[in-house]
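In this chain, numbering begins with 1 at the start of the sequence shown. Being a predicted model, the structure only gives us computed values, none of them experimental.
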Amino acid sequence: MDLYKDLIRKRIKEKFGTIENFSKHTNIPRTTVNFILKNGVSSSNYSMVSTILKELDIQSVNEHPVVIDDELLDFIKIYSSLDDIGKHSVTSVAETEYRRIHPEFLKEAIIAAYGSITSGKSLTKEEKAIMEIVDKIKKDNNEK
């Protein structure tokens, strides 16, 4: 998932209406902007992506470097010792808090308890097929 690509598209629409208007305003070729929106920022020139993010008032990850200290290392040790349900819970809370602090990355909030698709309701044929595939993948991963 490329959150920057989605955010760039959203901000261009909000601030400039069209890619063409944004392109004219910034003197960045429309083809370059379209390439980034199609392929994501990871497949594009760093300085070009930085320029676009700056024009759209989007902060990049590089503006918030990760500080690895003893507290973070302790957290990583604890997280690594959790089972799948615990990791799911911690990740869900972390994503929710990140989206609260960074509303520019807001998407539909999808928060569910681990394995909740099966709790309290009948599954459709498609949902059953998906659950069987997920169970098979989990089983295959556990056998490795």
Heavy atoms of other groups near K24 NZ, more than 12 under 6.0 Å: no

Reference residue I133; test side chain to side chain contact (heavy atoms under 4.5 Å, CB included); the match among I130, D135, I137: I137

Verdict with reasoning, T91 to Y79, per side chain to side chain contact (heavy atoms under 4.5 Å, CB included): CA-CA 10 Å; T91 302; Y79 181 83; 3.1 Å; yes

Polar side-chain atom of T32 near backbone of I28 as donor-acceptor pair, under 3.5 Å: no

K54 NZ to L56 CG distance, which is reported to the nearest 0.5 Å: 12.5 Å

Distance in Å, E14 CD paired with L7 CG, rounded so as to fall on 0.5 Å steps: 8.0 Å

Parallel, tilted or perpendicular, as decided by the 30° and 60° cut-offs, for the rings of F16 and F22: perpendicular

Heavy atoms of other groups near E97 CD, more than 12 under 6.0 Å: yes

Chi angles and distances behind the side chain to side chain contact (heavy atoms under 4.5 Å, CB included) call for I52, T26: CA-CA 8 Å; I52 291 172; T26 59; over 6 Å; no

Residue pair N21 / K15, side-chain heavy-atom distance below 4.5 Å: no

Atom of D83, atom of G86 and distance for their closest heavy-atom approach: OD1-N, 2.9 Å

Student check: side-chain heavy atoms of K5 and I36 closer than 4.5 Å: no

Over all atoms of both residues, closest heavy-atom pair of L82 and K87: O-CE, 3.3 Å

Heavy-atom side-chain contact between F75 and V90 under 4.5 Å: yes

Reported OH-to-CG distance for the pair Y4 and L53, which is rounded to 0.5 angstrom: 6.5 Å

Nearest non-hydrogen partners of S47 and N45, listed with the distance: OG-OD1, 2.6 Å

I8 and V41, any side-chain heavy atoms less than 4.5 Å apart: yes

Under 3.5 Å donor-acceptor, S23 side chain and I19 backbone: no

Within 6.0 Å of CG in D70, more than 12 heavy atoms from elsewhere: no

Least distance between heavy atoms, R11 atom then D57 atom: NH1-O, 3.0 Å

Residues K136, E132: salt bridge by 4.0 Å N-O rule: no

Chi angles and distances behind the side chain to side chain contact (heavy atoms under 4.5 Å, CB included) call for H25, E55: CA-CA 10 Å; H25 175 78; E55 278 292 329; 3.6 Å; yes

Separation of R9 CZ from N34 CG (nearest 0.5 Å): 8.5 Å

